[in-house]
Chemist: 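The structure's right below; bear with me while I get my questions together.
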Amino acid sequence: MASEAKLSHTAAMILQAIHAGCIYGFGIMEMTGLPSGTVYPAMRRLERDALIRSQWERQSIADAEQRPPRKYYRLTAAGRATLESSRKRYPLLERLIPSEEAKPV
Amino acid sequence: MKPRLGSVFPALHLGLLRAAALLVPPSQCVEWQREWRSELWHVRRERAPQGIVSWRAEREVTLFCLGAFHDALCLRRHALLRLRLPGATPASPAYCIFWLALALVASFALSLLLPGVRAANESVRAQTDPGLILIEHAVTGGNSLATVSAAEFRNWRSRRQRYFDRFAFYSIARENIMPAEGGSPWTVAHATANLFSVLDIPLRFSAPVAGVHGNPTGAVLSCEAFEREFDSNPRIAGSMVQVGRHLAQIVGVAPCGAWPLPGKVDLWLLEPEAAVAPGAMGYVVAHLTALGRAEMFGPTVAITVYGAGDSAIDLFGVELEGRTRVPMDVFRFALLLAFLCLPAVTSVSMGEYNFNSHKPSWPRRLCRWSFLCAKIALLLPIVYYVPLDLAWWHISTSSYASEYVQWIASFLLCLFGMRWVLLDQRQRCPVCLRRVTHPAQVGHASRMFLSWNGTELICMGGHTLLHVPGLPTSWFSAQRWLYLDSSWDFLFAGSSQSGRT
């Protein structure tokens with residue numbers, strides 16, 4: 001059912017960026033070129049629709065690196081399926097944000 | 001200089017994030033602030049490494065922080081959308097009914113709070129006896145001038161009457177009152193003691209005259225003076241006031257808006273008939289007998305009386321009931337005129353319904369008519385209460401001015417309110433009652449003989465298209481509905497199709 005959901009281009013870009021390995025909010029902004037006021041609300045909507053899920057990293061890891069803990073995002077199975085159908089709808093998506101396996105070696 | 005700037009910018013950015021957090025709904029505030037601050041640390045490390053202050057980098061970090069305000073406002077919008085009526089969009093019928101009901105409740109609540117409106121409502125309850133007339137000299141009849149002297153009044157009263165069974169007289173003067181605040185003179189009516197019993201106006205907080213200080217004169221306060229000078233003290237009856245050189249005892253308060261006679265009076269002095277100065281010019285109120293009522297044709301009557309030396313005096317009597325119009329009468333009259341004028345400002349038809357082979361079912365048609373009736377049923381009380389609030393917003397507004405304000409406001413509100421009701425109804429999809437939206441201009445006026453030109457609107461539920469001709473012609477004079485079949489569904493993937501028939 002989720003795979004049939006129609007995503008906006010912005011949401012599809014965010015999904016593609018997470019798939020490409022940008023799992024933090026700032027990284028997604030850097031990759032997509034979208035401003036912070038667009039990225040974070042869009043990610044909340046994607047999380048509400050169960051296309052992505054978020055988690056805070058452990059405090060011990062952050063303490064070891066002397067920085068505050070970050071919230072990271074991952075695609076869910078529904079999110080991956082939706083991204084697949086979005087790629088058909090937006091063929092340039094993969095060229096704009098190439099995923100790890102598609103990057104030239 | 002640079003190290004100082006290096007500490008100022010982080011503080012500024014943290015301040016921005018805290019300010020943005022204030023806009024976030026409280027339940028999500030902590031989570032969002034934590035994520036923003038965490039990301040800010042990484043943005044700063046990426047853009048402005050420690051020890052290096054660059055305006056460009058600080059600008060980028062500031063832009064990131066300003067983005068937090070967009071996040072917060074977006075969250076606020078979503079929170080508001082969740083609070084909205086279920087299924088209610090600005091185009092939905094529930095939204096329309098909700099706002100009309102809200103306007104009605106607000107105008108009704110205001111009418112309960114405004115003292116002037118309360119007074120007007122009290123005057124409605126104080127019924128005027130249909131047998132009461134105001135007598136004036138025929139030469140000035142209808143101008144509400146004081147034309148009858150106290151001596152003339154006494155002369156008529158002493159004679160045997162067939163047409164009248166009760167008389168009362170009053171004359172108006174400006175006098176100083178103690179203990180009134182401000183020291184400005186009051187409008188005092190010197191009246192015969194039976195004035196209020198002839199008018200059949202019951203007094204509020206009434207008390208019998210005690211006859212203290214050997215003075216039997218009673219005084220009746222107007223509603224306005226009672227509120228203004230005595231702070232609506234319910235124990236006012238029995239108090240003494242000094243009117244000019246005489247003491248009078250307050251025997252009651254006249255109901256607000258109940259005074260049907262000429263003159264805006266602050267205090268009535270109820271004196272024995274002999275105490276009224278013979279030369280004082282005033283007004284005579286008389287109560288008709290059954291024979292007198294039979295002689296009345298319409299609201300006025302010509303009267304001839306014989307004065308000293310049997311000289312004939314022509315008088316003019318006006319029925320008091322006709323002089324006072326209650327707010328409901330004004331409303332009814334304005335309503336009648338507005339309905340008569342309505343065809344001049346809009347078409348009263350509901351539009352032409354051309355559904356090809358489709359027609360809405362009976363329940364849907366009933367629903368559509370019920371919606372129209374509900375809108376009118378909510379509009380009419382609004383048309384009554386809003387002008388009432390406007391006309392009687394202040395108690396000192398004279399009743400004549402208030403009547404005009406109420407009349408004009410009722411007429412305009414009813415006329416344009418009904419126009420809006422009909423226009424709105426014509427633009428409601430017959431299937432789901434949503435307002436059609438997204439107007440698109442179709443065709444050119446210069447090619448109207450080749451194809452139609454006008455405006456096309458669409459129902460966002462995907463049920464209908466509305467075609468409104470730009471220039472009515474013999475083959476396309478009124479708007480037409482076009483029912484959309486299932487082949488249009490792909491355009492409305494996200495909208496509700498529950499209303500499709």
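Predicted model, so just to flag it, every value in this text is computed and none were measured. Convention: sequence-line order gives letters A, B, ...; per-chain numbering from 1. Only this structure's heavy atoms are used, side chains among them; waters, hydrogens and symmetry mates stay out.
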Chemist: Can you say whether Leu73(B) sits under 4.5 Å from chain A via the side chain, the backbone, both, or neither, judging by heavy atoms?
Modeler: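 No part of Leu73(B) comes within 4.5 Å of chain A.
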Chemist: Got a donor-acceptor contact below 3.5 angstrom from the Ser38(B) side chain to the Pro69(A) backbone?
Modeler: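 Yes.
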Chemist: For the CH2 atom on Trp420(B), are there more than 12 heavy atoms of other groups (residues, nucleotides or ligands in this structure) within a distance under 6.0 Å?
Modeler: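 More than 12 heavy atoms, drawn from other residues, nucleotides or ligands, come within 6.0 Å of this atom.
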Chemist: For residues Ser36(A) and Ala68(B), report the shortest heavy-atom separation together with the two atoms involved.
Modeler: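 Taking every non-hydrogen atom into account, OG-N, 4.1 Å.
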Chemist: Which bit of Pro35(A) comes within less than 4.5 Å of chain B, counting heavy atoms only: side chain, backbone, both or neither?
Modeler: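 Neither part, no heavy atoms under 4.5 Å.
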Chemist: Just wondering, more than 12 heavy atoms not from Arg59(B) lying within 6.0 Å of its CZ?
Modeler: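 Open: at most 12 neighbouring heavy atoms sit under 6.0 Å from CZ of Arg59(B).
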Chemist: Look up atom CD in Glu35(B) and atom CZ in Arg44(A), then write down how far apart they are to the nearest 0.5 Å.
Modeler: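 Nearest 0.5 Å value for the CD-CZ distance: 4.5 Å.
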Chemist: Can you label the angle between the Tyr24(A) ring and the His42(B) ring as parallel, tilted or perpendicular, going by 30° and 60°?
Modeler: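 Plane angle under 30°, so parallel.
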Chemist: As an exercise: rank Trp32(B), Phe64(B), Phe69(B) by heavy-atom pairs under 4.5 Å with chain A and give me the winner.
Modeler: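 Among the listed options, the one with the most contacts to chain A is Trp32(B).
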Chemist: Using a 6.0 Å distance limit plus a 45 degree cone around the ring axis, check whether Arg34(B) lies over the aromatic ring of Trp56(A).
Modeler: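 Yes, Arg34(B) lies over the aromatic ring of Trp56(A).
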Chemist: Could you pull out the closest heavy-atom pair between Thr38(A) and Asp71(B), with the gap in Å?
Modeler: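 Looking at all heavy atoms of both residues, the shortest contact is N-OD1, 4.5 Å.
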Chemist: For Tyr40(A) and Glu39(B), test the side chains for any donor-to-acceptor distance below 3.5 angstrom and give the result as yes or no.
Modeler: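 There is such a pair between these side chains.
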Chemist: Heavy-atom cut-off 4.5 Å, strictly under: side chain, backbone, both or neither for Glu31(B) against chain A?
Modeler: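 When you check distances to chain A, atoms from both the backbone and side chain of Glu31(B) fall under 4.5 Å.
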